[in-house]
Amino acid sequence: MTTTDTPRKVDSTPGRAVPRKRSGSAAGGGLRRAIPATTLLWVLAALYGVPVLWFVLSSFKPAGDLFSLPLTLFPTNPTVSGYEAAWDSANFSQYFINTAIVCVIATILTVGVSCCTGYALAKYDNKWLKAFFVGILATTMLPGEVMLAPLFLVVRDLGLYNSLAGIILPALLTATGCFMFRQFFLTVPDELIEAARIDGARELSIFLRIMVPISRPIMLTLAILSFQWRWNDYIWPLLMLNDPEKFTVQIGIQSLVGAQNINWSVLLGGSVISMVPLIVVFLVFQRYVMNADINAGLKD
């Protein structure tokens, strides 16, 4: 006696079998494994999000309600008087213009210089380049405050004191940017460059037409970080600038703090105003970073 296997059910479309249903146990096991990770992410989101939410909502509270007991998250009598007082008491329009100039120029130059430096460190074999890379990494091992005095003397001797150029120049080369680009270009196959050289492409053409386009995700990521660094920078502009017409946003916010007392409602309003450009920049550029093919040109 012979037995035959039950034929697998197929649908009406020729050559396509009906997929088997996923077992309930497998789906349930995946759900159980996802619950702890999801719970942890929600807890972290709450730890980071609640203080920010409290900070933003407190900016709409009158000064007398900020420290009233019991403390409340939502304002009882919402008001924008803190924003109005902050904008009127400080020259925020000029501060925004100065900071925007510094951030845009410094970001463009930082991305360009870091891209060129990272490519040279990754694709050219030279002992001096290796020593230069070690020197760049060594700067990350020192606190920024240690470098303020010699950096100030160099910029002052260049005649850039009390100028926006004096803030921009030290920001051109960053260890983080060079390291990011170097690590990315190390993953690009050398055969890609050799093939371009065989086809007659020059070094500058290889860099501009091949390397720069595939490094777009790194460029956008560094641009967001650089813009944030320059916008939130406080110590260096405070040392370099003494003309109120050249102050940046962070120095302008510091000017809202009185010598004897602090109007917290005004200070919170000015701080929230300073956050708006950073939020806009992140919302505009994050989709380019998330949607970019970061694996383009990489080794398998």
Side-chain angles (χ1 to χ4, degrees), residues 91-121 132-133 135-137 139-140 142-182 184 207-208 212 215-254 271 273-286 288-289:
N91 191 9
F92 264 99
S93 58
Q94 185 62 44
Y95 298 159
F96 270 90
I97 293 175
N98 296 337
T99 312
I101 293 174
V102 171
C103 291
V104 172
I105 296 178
T107 297
I108 294 174
L109 294 178
T110 298
V111 172
V113 172
S114 299
C115 186
C116 297
T117 306
Y119 174 70
L121 295 173
F132 180 63
F133 179 60
I136 293 177
L137 291 182
T139 60
T140 63
L142 296 174
E145 292 77 6
V146 176
M147 304 176 63
L148 285 178
L151 192 60
F152 176 83
L153 294 177
V154 172
V155 175
R156 185 200 61 182
D157 293 343
L158 290 175
L160 299 178
Y161 178 72
N162 195 30
S163 66
L164 298 181
I167 304 176
I168 297 172
L169 184 62
L172 296 187
L173 187 64
T174 63
T176 302
C178 294
F179 184 77
M180 289 172 58
F181 277 102
R182 177 183 178 273
F184 177 81
F207 174 72
L208 294 178
V212 171
S215 64
R216 179 184 175 188
I218 308 299
M219 297 176 69
L220 293 175
T221 303
L222 181 60
I224 294 175
L225 294 175
S226 178
F227 191 93
Q228 178 183 357
W229 294 336
R230 302 289 81 80
W231 189 273
N232 290 329
D233 196 5
Y234 170 72
I235 296 296
W236 183 244
L238 182 65
L239 293 176
M240 289 301 302
L241 302 175
N242 59 12
D243 185 0
E245 293 297 323
K246 298 179 181 179
F247 281 174
T248 57
V249 169
Q250 303 305 323
I251 303 179
I253 294 176
Q254 188 273 339
S271 300
I273 292 175
S274 69
M275 292 169 53
V276 173
L278 292 179
I279 298 174
V280 172
V281 169
F282 177 77
L283 294 177
V284 169
F285 287 98
Q286 71 159 345
Y288 295 104
V289 177

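This one's a predicted model, so the numbers in the text were calculated from it and none came from an experiment.
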- Task: Decide yes or no for Pro244 and Asn91: does some side-chain heavy atom of the first lie under 4.5 Å from some side-chain heavy atom of the second?
- Result: no

- Item | Validation row: Ile167, Leu241 side chains within 4.5 angstrom (heavy atoms) | yes

- Gap between atom OH of Tyr95 and atom CD1 of Ile253 - 0.5 Å precision: 10.5 Å

- Item | Side chain to side chain, Trp236 and Leu151, heavy atoms closer than 4.5 Å | yes

- To the nearest 0.5 Å, how far apart are CD1 in Ile251 and CG in Leu239? 9.0 Å

- Item | Any donor-acceptor pair under 3.5 Å from Gln94 side chain to Lys246 backbone | no

- Note on the structure: Note: Ser163 and Leu160 closest approach over all heavy atoms is OG-O, 2.5 Å

- Mind telling me whether Phe207 and Tyr119 have parallel, tilted or perpendicular rings, with 30° and 60° as the class edges? tilted

- Is any side-chain heavy atom of Phe181 closer than 4.5 Å to a side-chain heavy atom of Ser215? yes

- Out of Leu173, Thr174, Leu172, which residue meets the side chain to side chain contact (heavy atoms under 4.5 Å, CB included) rule with Thr117? Leu173

- Item | Criterion side-chain contact (heavy atoms from CB on, under 4.5 Å) on Leu158 and Leu169, from CA distance to verdict | CA-CA 11 Å; Leu158 290 175; Leu169 184 62; 3.9 Å; yes

- Val280 and side chain to side chain contact (heavy atoms under 4.5 Å, CB included): which partner among Val284, Leu278, Leu283? Val284

- May I ask you to decide if Val249's main-chain N or O and Thr99's side chain share a donor-acceptor pair within less than 3.5 Å? yes

- Message: Would you compute the distance between atom CD1 of Ile97 and atom CD of Glu245 and round it to the nearest 0.5 angstrom?
- Response: 10.0 Å

- Message: Please check this pair: side chain of Thr139 against backbone of Ile136, looking for a donor-acceptor N/O pair closer than 3.5 Å.
- Response: yes

- Item | Nearest-0.5 Å distance, SG of residue Cys115 to CE of residue Met219 | 5.5 Å

- Assess the pair Phe282 and Phe227: is the distance between their ring centroids shorter than 6.0 Å? no

- On a heavy-atom basis, the closest approach of Val155 and Gly166 is CG1-CA, 3.8 Å

- 4.5 Å side-chain heavy-atom contact, Glu145 and Ile235: no

- Query: Which heavy atom in Arg230 sits nearest to a heavy atom in Ala106, and how many Å separate them?
  - Reply: CD-CB, 3.7 Å

- Task: With the side chain counted from C-beta on, respond yes when Asn242 and Tyr161 share a heavy-atom pair under 4.5 Å apart, and no when they do not.
- Result: yes

- Give, for atom OG of Ser274 and atom CG of Asn232, the distance between the pair rounded to the nearest 0.5 Å. 7.5 Å

- Message: Distance check, rounded to the nearest 0.5 Å: Thr176 atom OG1 versus Leu225 atom CG?
- Response: 8.0 Å

- Query: Are any non-hydrogen side-chain atoms of Asp233 and Val102 less than 4.5 angstrom apart?
  - Reply: no

- Item | Note, Phe179 side chain near Thr140 side chain (heavy atom, < 4.5 Å) | no

